Trainee: 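Before I ask anything, here is the structure I am working with.
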Amino acid sequence: MCLISLLHFVCLVCVIAAPLDWSHHMRAQGAQGTGSKKQQALEVQSNINRVFTSINCLFCPVYFFKESIVLDPVPFHHCLIPNFIQSQDFLEGLQKELLNLDFHEKCNDLYKFKQSDDLKKRKEPHISALRKLLFEEFRVWLSDVTQVELKPTIDLSCAKYEYTDTLLCHDDELEGRRIAFILYLVPPWDKSDGGTLDLFSTDEHSQPQQVVKSLVPSWNSLVFFEVSPVSFHQVSEVLSKGKCRLSVSGWFHGPSVTRPPRYTESLLPRNPHIPYDHEILYEWINPVYLDMDSQAQIQEEFEDRSETLLKDFLKKEKFQQVCEALEKEDIKWTSRGPPNKRFYERAEEGSLPDVLRECMELFHSEALFLLLSNFTGLKLHFLASSEDDDEGEEEDSTESAGCSSSKCKGEPSQEANGSTEKSGEVPESEEGSSVPMCVGELRRWTNGHYTLVHDTQKAEFALDLLFFCGCEAWDVKYGGFTSYIAKGEDEELLTVQPENNCLALVYKDRETLKFVKHVNHHSLKQTKTNHSRSRFWDFSFVYYE
Ligand SMILES: *[C@@H]1O[C@H](CO)[C@@H](O)[C@H](O)[C@H]1NC(C)=O
Ligand SMILES: *[C@@H]1O[C@H](CO)[C@@H](O)[C@H](O)[C@H]1NC(C)=O
Ligand SMILES: *[C@@H]1O[C@H](CO)[C@@H](O)[C@H](O)[C@H]1NC(C)=O
């Protein structure tokens, strides 16, 4: 086999097919193959005798095996170096030092794992040697082969992922980060142990689509990849109950590159209420909540705390019917992404059996807008009392005003959308106008589902409504709870646990963000005969004054 001509071919493909990114920065002598046998010996400390092979065409758009280094530009440039460090003694010493560090539980919308103290200044001999290896010799080599000028900035830590730990889909982009790397120090590891480094493909808006490659961690292998607007990846949930996925990871920093503007997705369509009179409330809702005194009490509490939980919200028999329909009926569920923002299933409204369709309508109904106004003191209907105005707004709401009586009950369709909703989004001019809107969906939650806080989440005042079904055996440790946090902080303001027949109302201000915690493997109940997948459902609505 003529290596030189192979290299020629590889590099030609690379120039033609991928003229962007790093591929056109390949070293000049690569094209001539002169470096193919040349080895660059790098003396690190006495106990590390790693020899780096000089690579000629590092990021070519084909698989490229050479001296056991694996390069692949799909779905984005990444590289795997097995047996990164030669000395087993060194590795074992390193592992021992790392495991002796203090680890801190890290947990938010995006991840759950344990992280060590910063390794920037640790004095342990093996850790210091690794730091020197990575940020001196290896960095120089990497700069050379990628032609990216990497700074000596040290950005290094150690992570421990154990059963149910995960790091969900993200792109790593942060000022200055150019190349991410991970060195694995794991026991013999199988794909079924989870904890794989999953790489996502992206769509035309550079939004992640699906996992197209999973790298199974292995002892002493090093993975690195270019941080870019499309470098979406995740650490899949660790499924092994006994093994610890230990790794050292960090970033090489370099000159900032200009990023394309972030893609803003279109929002789900908002609708005004559906005309329905009070009958629907008496039909569905626990009469306790229709009593004026209890409404006044709920409102007082809500105005104080901006949240309330209403237990046994639906009448028992109605709740029963809803649960049975959810379990038995043939409902079409579709996954909602993209994975850097959310992953759960949403019911297609057209596939809903009558009882669930009616339940959705209840949450959309004019009568419920009024009831929520009474619960919260918000003005979700022009008739709702309000301290500062009485008449002024009626004219703006003629559409709904004409329908506030039972005359309209025969037409509970979303016919009002013609005038108030255009192409799925509320026009800017509608904001601040007096037509209250809502958006809602029926969702199913099982292992692997979550939503993330993301920067395109619109900052606006809103009332969140969550109503839960099918969660009798749900446990906090499964995840699936909704967490409210203050913008820019990890600290939780409020957590809403899924609870059967319970209605949660939360008023969000512009500084409040929310997410649903990743539903982890604890939720798979293992019986002797089968693995039944625990799940719950919620009706999730948001109301805008
Ligand atoms: C809301 O409260 C008002 C009294 O303040 C009452 O007349 C009305 O019936 C209540 N609405 C609902 C839906 O309970
Ligand atoms: C309302 O929207 C639905 C789908 O979103 C559409 O099928 C229907 O024709 C619309 N109605 C009016 C009156 O525009
Ligand atoms: C699995 O177990 C659950 C609960 O124990 C049971 O309801 C279900 O019918 C079982 N499924 C199968 C396919 O055996």
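None of the values given here were measured: they were computed from a predicted structure.
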Trainee: So F541 and Y543, would you call those rings parallel, tilted or perpendicular, with 30° and 60° as cut-offs?
Mentor: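 The rings of F541 and Y543 lie parallel, inter-plane angle below 30°.
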Trainee: Give a yes/no verdict on a cation-pi contact between K106 and Y111, requiring under 6.0 Å between NZ or CZ and the six-membered ring centre and an angle within 45° of the axis.
Mentor: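 No, a cation-pi geometry is absent between K106 and Y111.
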Trainee: Please name the residue in the list W445, F515, W537 that meets the ring-ring contact (aromatic ring centres under 6.0 Å, His included) test with Y344.
Mentor: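 Filter result, single survivor: W445.
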Trainee: Does either side chain, that of H449 or that of H518, offer a donor lying less than 3.5 Å from an acceptor on the other one?
Mentor: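 The answer is no; no qualifying pair exists.
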Trainee: Report yes or no: does S247 contribute a side-chain atom to a donor-acceptor pair with the main-chain N or O of S249 at less than 3.5 Å?
Mentor: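 No; judged by distance alone, with no hydrogens or angles, the pair does not exist.
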Trainee: Apply the test side-chain contact (heavy atoms from CB on, under 4.5 Å) to residues T196 and L215: give CA-CA distance (whole Å), side-chain angles for both, the deciding distance (0.1 Å), then the verdict.
Mentor: CA-CA 5 Å; T196 51; L215 298 164; over 6 Å; no
Trainee: How about S192 and D190: does a side-chain donor come under 3.5 Å of a side-chain acceptor?
Mentor: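 Yes, because at least one side-chain N or O of S192 sits under 3.5 Å from a partner of the opposite role on D190.
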Trainee: Angle between ring planes, F252 versus F181, binned at 30° and 60°: parallel, tilted or perpendicular?
Mentor: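 The arrangement is tilted - the two ring planes meet at 30° to 60°.
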Trainee: Given side-chain contact (heavy atoms from CB on, under 4.5 Å), test H126 with Q95 step by step and report yes or no.
Mentor: CA-CA 9 Å; H126 294 82; Q95 185 188 31; over 6 Å; no
Trainee: Does the side chain of C438 come within less than 4.5 Å of V542's, by heavy atoms?
Mentor: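 No, their side chains stay 4.5 Å or more apart.
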Trainee: For Y450, enumerate each residue passing the ring-ring contact (aromatic ring centres under 6.0 Å, His included) test, keeping only those at least two apart in sequence or located in another chain.
Mentor: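 If we apply the ring-ring contact (aromatic ring centres under 6.0 Å, His included) test to Y450, skipping adjacent residues, there are no hits.
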Trainee: For the residue pair E345 and S335, confirm or rule out a side-chain donor-acceptor distance under 3.5 Å.
Mentor: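 No pair is found: no donor N or O on one side chain lies under 3.5 Å from an acceptor on the other.
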Trainee: Going by salt bridge (charged side-chain N to carboxylate O under 4.0 Å, His left out), name the residues that satisfy it together with D171, two or more places apart in sequence or in a different chain.
Mentor: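 D171 satisfies salt bridge (charged side-chain N to carboxylate O under 4.0 Å, His left out) with R262 only.
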Trainee: What pairs meet the salt bridge (Lys or Arg N to Asp or Glu O under 4.0 Å) rule with one or both residues in residues 242-261, with sequence neighbours excluded?
Mentor: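 Applying salt bridge (Lys or Arg N to Asp or Glu O under 4.0 Å) to every pair that reaches into residues 242-261, excluding sequence neighbours, yields E173-R259, D193-K243.
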Trainee: Does this structure show an ion pair linking R178 with E149, if we count only N-O contacts that are shorter than 4.0 Å?
Mentor: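 No salt bridge links R178 with E149.
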Trainee: Does a donor on one side chain and an acceptor on the other come within less than 3.5 Å for K112 and T166?
Mentor: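 No, because no side-chain N or O of K112 sits under 3.5 Å from a partner of the opposite role on T166.
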Trainee: By the definition salt bridge (charged side-chain N to carboxylate O under 4.0 Å, His left out), identify the one residue from R270, R510, K508 that meets it with E460.
Mentor: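 Result: among R270, R510, K508, R270 is the only option passing the salt bridge (charged side-chain N to carboxylate O under 4.0 Å, His left out) with E460.
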Trainee: Using the test ring-ring contact (aromatic ring centres under 6.0 Å, His included), find all partners of H104 that sit at least two apart in sequence or belong to another chain.
Mentor: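 Residues passing ring-ring contact (aromatic ring centres under 6.0 Å, His included) with H104: none at all.
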Trainee: Going through the checks in order, is the salt bridge (Lys or Arg N to Asp or Glu O under 4.0 Å) test met by D198 and K213?
Mentor: CA-CA 6 Å; D198 296 336; K213 186 165 180 185; over 6 Å; no
Trainee: Listed by chain and number, what are the ring-ring contact (aromatic ring centres under 6.0 Å, His included) partners of F481, not counting sequence neighbours?
Mentor: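 F481: no ring-ring contact (aromatic ring centres under 6.0 Å, His included) contacts found.
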Trainee: Name all pairs fulfilling the salt bridge (Lys or Arg N to Asp or Glu O under 4.0 Å) condition that reach into residues 118-131, sequence neighbours left out, sorted by first residue then second.
Mentor: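 Those involving residues 118-131 are D117-R122, R122-E124.
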Trainee: State which residue, out of H522, H521, E237, fulfils the side-chain hydrogen bond (donor to acceptor under 3.5 Å, both in side chains) condition with N447.
Mentor: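 For N447, the side-chain hydrogen bond (donor to acceptor under 3.5 Å, both in side chains) test succeeds with only one of H522, H521, E237, which is E237.
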Trainee: Quick one about E175 and S256 (side-chain donor to acceptor, distance below 3.5 Å, no hydrogens or angles considered), yes or no?
Mentor: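 Indeed, the side chains of S256 and E175 share at least one donor-acceptor pair under 3.5 Å.
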